[in-house]
Every structure is written in C-alpha cells, then in structure tokens.
Amino acid sequence: MMRSGTTFGLALVALTGCQDVINLDPVDERPVIQPRSRPGPIIGGTLLVEAGLAVAADPDRDLIHVVDLENRRVLHTITLEPGDQPGRVVRGSEHEVHVVLRGFGGLATIDDQEGTLLRRQQLCPEPRGVAYDDAEASIYVTCAGGALIELDESGNELSRTKVEPDLRDVVLVDGKPVMSKFREATLVDEERARTTVPQQGEFQARVAWRTWTVPNDPSNAIYMLHQLSSTNPVPIDPPPEEMGPEDGDLPYGGGGSFCEPGISTTAVTRFETGFVSTTILPNARLTVDAAVSPDGAWLALAMPGAKEDQPTMAVMPNEGFGCFFDEGARIGEQVTSVGFEPDGTLVMLSREPARLLIQSSVPFGEAEAIDLPGESVFDTGHEIFHRATDSGLSCATCHPEGTDDGHVWFFDGLGPRRTQPLDVGLAGTAPFHWDGDMNDMTVLMEEVLAHRMGGMMQSGARRESFQSWVFAQEGRPADDGLQDSSLVAQGQALFASMGCGSCHSGDKLGGSTSEPIRGMRLQVPSLVRVSLRPPYMHDGRSSTLEESVVDMIQTTTTAEVTSDNVTALTAYLRTL
Amino acid sequence: MPLGTGPKVVSPEPVDPAVARMIRLDYLLGVAWRIEPVDVAMITSIEYGQMKGFSGSFHTGMLLSPDRNIVRVVDVPIGLGAVYRHRFGGRPLYASVGLTAGILVHRAGTDLGVIRRVDPDLRAPLRLAWTVERVGMSLALVPAFSFRERTYERRGAEVWKHHSVRVGLVFGLHWDLVVGRANRRRP
C-alpha cells in the first residue's frame with residue numbers, strides 16, 4: 001500500500017510541469033505512386049500552335065505529338081530516345097519542326113507532315129531555347145552554359161557565340177537574336193547589352209520562365225513571363241502573437257489568399273523600344289508558360305503548380321488588372337503549355353493526364369480534350385515538389401526546374417541567404433541549408449514545407465518518394481565548349497594547388513561538409529554547374545564568378561590574387 | 001372576518017447547524033482563469049455531511065474554451081473530496097474550504113478529429129454561501145491544478161494553450177435537499 005502510494009505520488013510529481021504538445025498539422029497519407037521512369041521537373045512551354053495544327057513535345061514521356069486541331073485527332077506521335085526530354089518547339093521551313101532535346105543535349109528536327117524524325121544532333125549539355133529566322137533560314141539555339149549556336153537548315157553549325165551563362169529563350173527582333181537569362185530574368189543581346197525588369201516595389205524580377213514575341217505585332221514587343229521575389233525581410237520563426245489563427249498567417253509571409261502576393265509571385269513584362277511595363281499576377285501559382293492572343297486582348301497562363309482542386313490555366317485581360325477569377329475553369333489537368341491559333345482559339349497542353357485542351361472562345365468557354373498517347377507519369381514526389389501549399393508557394397517556386405531562383409532572401413534573424421540549388425545531387429549532403437540547421441529531409445519537410453509554407457505534413461512513404469525525386473535531380477556540367485582548354489587545365493591545377501579541394505571535395509566538389517568562415521559555420525556549396533548561378537556565397541555578396549574567386553582566395557588562402565589566376569580558375573569552374 | 005380563520009401556523013423549529021446534517025446540491029456559473037485565456041466555467045457539486053463542519057463532496061462541470069476557431073475544447077473536471085464549512089455567527093452565512101482530487105477530461109474537436117486527454121486534477125474550493133431555508137447563493141473561488149500544460153500547434157505556431165493551473169470564480173445557487181438532525185454521537 002505504502003509502495004503504491006509512493007509510486008502514485010512520484011508519478012504525479014513527474015507529471016508536474018509536463019508539456020502536452022499536440023500537433024494539428026494534417027498528414028497526407030495518400031498512397032505513393034511512382035511511374036517506371038520518374039518525370040523530371042516541369043519546364044513548361046513545349047507547345048507550338050499554328051492554324052489547325054499543334055506540335056506538342058512531352059518531356060515526361062519523350063514523345064512529340066502532331067495534332068490536327070480542326071478534326072481533333074492526333075496525326076503522329078514520334079517516340080524519342082529515353083531521357084531526350086523534348087522542350088521548346090519552333091517551326092522551320094516547310095514541314096520541318098525543330099525541337100530542343102534538353103536531356104539529350106541537342107536538337108531534333110521532325111517532318112510534321114510525315115510524322116518522322118529527320119535529324120537528331122548534339123549541341124551542348126543543356127540546350128534551352130530555339131528560334132527560327134525565316135529570312136536567313138537559320139536556327140538559333142541557346143544553351144544554359146551561355147552559348148548561342150546558329151545552325152543552317154541542314155544542322156550545320158554556322159557560329160557559336162559566348163554570351164552569358166544561364167541563357168533561356170531566344171527570340172528574333174528585326175532579325176537579331178535577343179536572349180533571356182533564366183534566374184536573372186533579364187534580356188541580353190549578342191553584344192551583351194542588357195534590358196532588365198524594373199524593381200516592382202519590394203519585388204525583384206527572377207526566373208524568366210518564358211520569353212516570346214507575338215507574330216505580326218507591329219510594336220515588336222518582347223514578352224517575358226517571370227517571377228517576382230520579395231526583397232523585404234522574410235519571417236521564419238515569428239512569435240505566436242504575430243501568427244494569427246488563419247491559414248494565411250504563415251511564417252513565410254502569408255500569401256495564398258485571393259490577389260494577395262506572397263513572398264514570390266508571377267508577372268508578365270512587356271519590353272518595347274524605350275518602354276517597359278510589368279503586370280503583376282498575384283494569384284497565379286507557379287506559372288511556367290504564357291501566351292498572348294493574336295489580337296493582343298488576352299493573356300493565357302499555364303499554372304501546373306496550382307492546388308489540385310484549382311484550375312491550372314487561366315485567361316485574363318492582357319493589360320491592366322492582374323488578378324483573375326478562375327471559377328468554372330476546368331480542373332483535373334496539369335497544364336504546362338499554352339498557345340493561340342491565329343483565329344484566337346486557345347490550345348493548352350496538359351502533362352498529366354496527357355491531353356490537348358482546345359477552347360474556341362476565350363476567356364470563357366468549354367474546353368474540348370484530345371487524349372494524347374502515353375502512360376501516366378503521375379509521381380508523388382514530383383507532385384509534392386510542384387503543387388502549391390496554402391501560402392501559394394511550392395518547392396518549385398524557389399527551386400524552379402529543380403534548381404534555384406538565384407534570389408538572395410533576407411530572413412529575419414538569419415540575414416541574407418541565397419537560395420541553394422537542388423540539381424547538384426543532394427544525396428549524402430545532409431545537413432541541409434547554408435547553416436546546416438536541417439538535419440535531414442524529414443526535418444526540412446516538416447519545418448519548411450509544412451510550417452513555413454503551409455503545406456501538409458507527409459507520411460513516411462510520401463517523404464521517401466519526395467526525397468528520392470529531389471535526390472535524383474542532377475544537372476549536367478554547364479560546359480558549352482567555349483572555354484580555352486589550356487586555361488581550363490591551368491585553372492584545374494590552381495584549384496588543386498591552392499587547396500580549394502580540401503573543402504570543395506568529393507565528386508560534387510563540395511556539399512558534404514561545414515566549414516568555419518568569417519565567424520560562421522556554413523555548408524560548403526557544391527561547385528557543380530556553379531557558373532549558372534550568380535550571385536555567389538551564402539549571402540550573395542559576389543555578383544560574378546570572378547568576384548567570388550577573388551573573395552575565396554583572399555578569405556581562405558594565402559595565395560596572391562592575380563588576374564591570370566582568376567581567369568584560369570573561372571575558366572575551369574565554367575566547365576563544371 | 002375577511003381573512004378567515006384557520007389552524008394556528010407553527011413556525012418550524014430552527015435547525016442547529018452544529019448538529020444538522022444535509023445533502024446540498026449546487027449549480028454554479030462563472031469563469032476560470034488559466035492565466036490566459038479565461039474559460040467559461042459551469043460547476044455542479046453534491047455535498048453530504050454536516051452543515052457546519054465536514055462534508056464529503058463530489059463535483060463535476062464543464063470548462064468551455066472561448067476561442068473555438070481551430071480547437072474546440074471542453075474540459076470536464078470530476079472529483080471527490082472533503083469540505084469544511086464554517087458559519088459566521090448566527091447569520092445564515094457560511095464559508096467553506098475544500099480539497100478534492102479527481103480527473104480533468106480534456107476533449108477537443110479539431111480538423112484532425114476529436115482529441116482526448118485525461119489528467120489528474122486537484123481543487124481547493126473556497127466558498128461563501130448564504131442560505132435561506134433550503135435555498136441559497138454561493139460564490140466560490142476555485143483554484144485547481146491539472147499537472148500538464150497543454151498546447152496545440154499548427155505549422156509550428158501555437159494556436160491554443162492552457163496552463164496546468166487555473167483559478168475559477170463562480171457564482172450560483174444551491175439547494176439543501178435533506179436537512180435533518182444528525183444522529184447523536186456516541187460519547
């Protein structure tokens with residue numbers, strides 16, 4: 001009796017001061033689905049629309065479809081090699097259509113009348129944009145590494161110009177190629193003259209998803225669909241009194257309500273000679289492609305990152321008010337590309353299920369669907385990565401195309417932190433984040449995806465699917481063959497002799513250790529594809545690769561900084 | 001004889017609380033502070049014992065948490081204990097102090113379903129009661145301790161929190177169901 005009384009008393013004492021913390025975050029327990037071949041990140045803009053005809057590239061299934069829009073039927077489906085990842089599509093002369101093959105690293109030319117593959121040629125590790133010059137009968141291809149390649153109709157290389165790394169699209173204005181830069185969201189020409197998107201209040205332009213021109217537009221305007229990222233301080237751990245009970249009150253600054261921009265939002269900028277105007281689209285989620293109707297009145301958006309119960313496309317007036325209502329719009333497809341026929345019919349490409357949607361009347365009207373061949377590529381990890389959370393943000397917002405947005409965020413209590421790239425092969429590089437404060441992917445998903453962004457907690461199996469999908473993202477080296485090989489060899493030797501490899505070690509050249517630097521202990525970043533992602537350092541202090549090399553030499557070595565050393569080292573780094 | 005005549009009414013013999021026994025039932029309504037926020041408190045108890053002196057006590061009730069947006073909480077204290085009651089002079093005014101032990105049943109409706117918890121619960125009610133005949137009014141201060149601090153979190157942020165200590169202030173009515181002379185104590 002005495003003993004049980006003592007035990008009861010001790011139990012009560014032990015209970016005193018106990019905290020009972022109940023987590024109300026819902027857990028997504030839906031079963032995991034993974035296709036045989038896991039799809040890559042969404043790139044968007046893989047559709048060519050002409051009068052009565054569409055050529056749709058399917059990067060998830062390595063297929064190209066030629067579709068008769070008038071009769072609503074698929075004319076041809078061309079099967080490419082696994083991993084070719086067809087992207088941008090452009091009409092060449094006659095029956096030739098050129099399709100960028102991002103995974104293959106080249107260009108495919110098809111005969112859309114016969115439905116045959118005419119040619120498939122390698123150009124650079126990561127081609128992105130393509131344009132066709134009718135007057136010169138030449139093809140321009142932009143490469144992520146910074147090369148602008150001009151080909152003749154037979155595929156012979158006419159020139160290879162070194163522009164700047166991270167090129168995205170190429171358009172022709174008065175016969176001259178103008179290119180966009182992906183992370184920076186700027187336009188650059190062959191002479192490297194730049195046109196930037198003006199700062200929009202607290203927002204800075206980032207991530208040029210799509211840059212295009214409208215045929216027969218007398219103003220010769222260039223349109224750019226891009227993101228806007230906040231330069232204001234971003235709270236990551238606000239006290240409870242600053243967090244309301246509503247779903248929109250999230251550490252990452254809320255957003256997600258109608259017409260309320262979060263820390264990152266979508267915009268379309270129109271560049272004309274001497275005039276630049278930007279329309280902000282606050283409730284457009286992860287918008288990866290856009291098109292303007294032939295009469296210039298309407299803007300169509302592909303938003304594959306919208307929530308599952310919301311439409312992934314929208315049509316809105318081309319100018320003026322940037323918020324749109326999407327009630328009544330079709331739900332169930334994941335639209336990644338849009339285009340208009342000359343008569344104003346809107347054509348949309350859905351990646352999952354594979355479908356073309358044809359809407360004859362815009363902005364309102366029923367869309368007819370044409371099913372495209374190919375099995376389902378629904379993938380749980382891919383889905384978690386791309387779908388918007390309650391804040392309107394998805395992982396792909398700051399990590400577009402499974403990499404990074406090049407933005408330096410100012411986190412409350414932490415300071416400036418540049419978004420880290422994901423496509424360097426993250427397996428085995430935990431802990432994550434610059435400060436190494438995320439021990440593993442589980443912690444990262446709970447803290448960042450669920451708490452800060454307002455996403456659902458995920459079951460163990462779904463976390464595993466997400467992790468394996470993210471870990472599979474590994475971009476190719478960004479070497480476009482533009483570097484002097486002797487300089488590269490010299491830079492590689494310097495890299496070794498200066499001891500850079502002691503921290504930037506392993507096959508990823510970093511990413512697996514933390515080192516003390518400037519009084520902080522920071523994760524050593526991988527140098528894989530480093531040339532693509534200025535600004536550099538954890539706080540983005542170095543705007544160019546050269547500046548970052550000087551900074552590193554001065555901070556971590558006793559070596560002398562000479563322009564020769566810097567030139568050689570950067571030449572080497574640009575091949576990684 | 002407009003008022004008529006009838007049998008003589010005999011006043012009941014006054015009860016001597018020192019030797020009277022009773023069963024008292026009460027209903028009290030008030031608030032309970034848990035440092036912050038303030039809950040609505042409804043308490044009912046039944047006491048059996050001496051009108052002046054010791055009684056056994058059983059209580060239950062409901063504590064309704066006011067913010068019902070995300071977490072809809074009802075706490076039900078249930079306990080047994082003893083009360084010592086003291087009369088102020090010859091007036092029908094009593095003060096009592098008690099000590100009860102029991103459980104606090106916590107029930108919360110959330111988006112994830114109903115969440116239930118049970119904690120040990122101690123109370124030390126201090127009460128002022130004014131009784132006329134068999135009906136009266138009570139004002140009670142009820143400090144209590146339920147051992148565990150409870151927090152609900154959503155996305156890393158606290159959306160509901162209650163401390164393990166609470167102080168209730170309740171006011172209500174009571175009825176003395178049975179009042180009678182106690183059995184004579186053996187010498």
Side-chain angles (χ1 to χ4, degrees), chain A residues 5 7-29 235-256 389-391 393 412 437-438 443-459, chain B residues 34-37 63 65-75 77 79-81 99-124 143-166:
Chain A
T7 308
F8 181 69
L10 285 173
L12 286 184
V13 170
L15 206 56
T16 304
C18 276
Q19 292 261 351
D20 181 22
V21 180
I22 299 160
N23 196 331
L24 292 178
D25 292 335
V27 179
D28 194 337
E29 302 273 8
I236 54 174
D237 193 17
E241 59 270 22
E242 289 181 17
M243 293 269 292
E246 304 300 328
D247 283 346
D249 297 315
L250 296 164
Y252 271 0
T389 58
D390 283 349
S391 65
L393 303 172
D412 268 345
D437 53 339
M438 302 285 156
V443 174
L444 197 147
M445 289 182 77
E446 286 180 4
E447 179 55 34
V448 180
L449 179 65
H451 292 168
R452 298 183 193 175
M453 292 166 59
M456 285 181 81
M457 301 278 270
Q458 301 292 327
S459 67
Chain B
R34 305 228 207 178
I35 298 180
E36 206 182 0
L63 304 172
S65 189
D67 180 5
R68 309 185 71 75
N69 190 21
I70 295 177
V71 187
R72 298 166 292 281
V73 172
V74 177
D75 284 348
L80 282 170
L99 184 65
T100 68
I103 55 173
L104 182 73
V105 180
H106 171 86
R107 183 191 186 281
T110 72
D111 289 348
L112 298 183
V114 175
I115 290 167
R116 293 183 181 86
R117 297 283 192 276
V118 178
D119 296 312
D121 194 42
L122 298 177
R123 298 164 77 242
F145 180 57
S146 59
F147 291 85
R148 277 199 294 181
E149 189 173 303
R150 181 157 295 114
T151 307
Y152 284 82
E153 288 185 353
R154 181 109 188 242
R155 291 173 183 146
E158 191 180 287
V159 292
W160 188 95
K161 181 176 184 175
H162 270 26
H163 202 270
S164 52
V165 173
R166 66 181 188 274

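Because the structure is predicted, anything quoted here is derived from the model rather than measured.
- For the atom pair Leu24(A) CG and Glu153(B) CD, the distance stands at 9.0 Å (nearest 0.5 Å).
- Closest approach of Ile22(A) to Arg117(B), counting heavy atoms only: CG1-NH2, 3.5 Å.
- Among all heavy-atom pairs drawn from Gln19(A) and Thr151(B), the shortest one is OE1-OG1, 3.8 Å.
- With rounding to the nearest 0.5 angstrom, the NE2 atom of His106(B) is 7.5 Å from the CG atom of Asp20(A).
- The structure places CG of Asn23(A) at 8.0 Å from CG of Leu112(B), a figure rounded to the nearest 0.5 Å.
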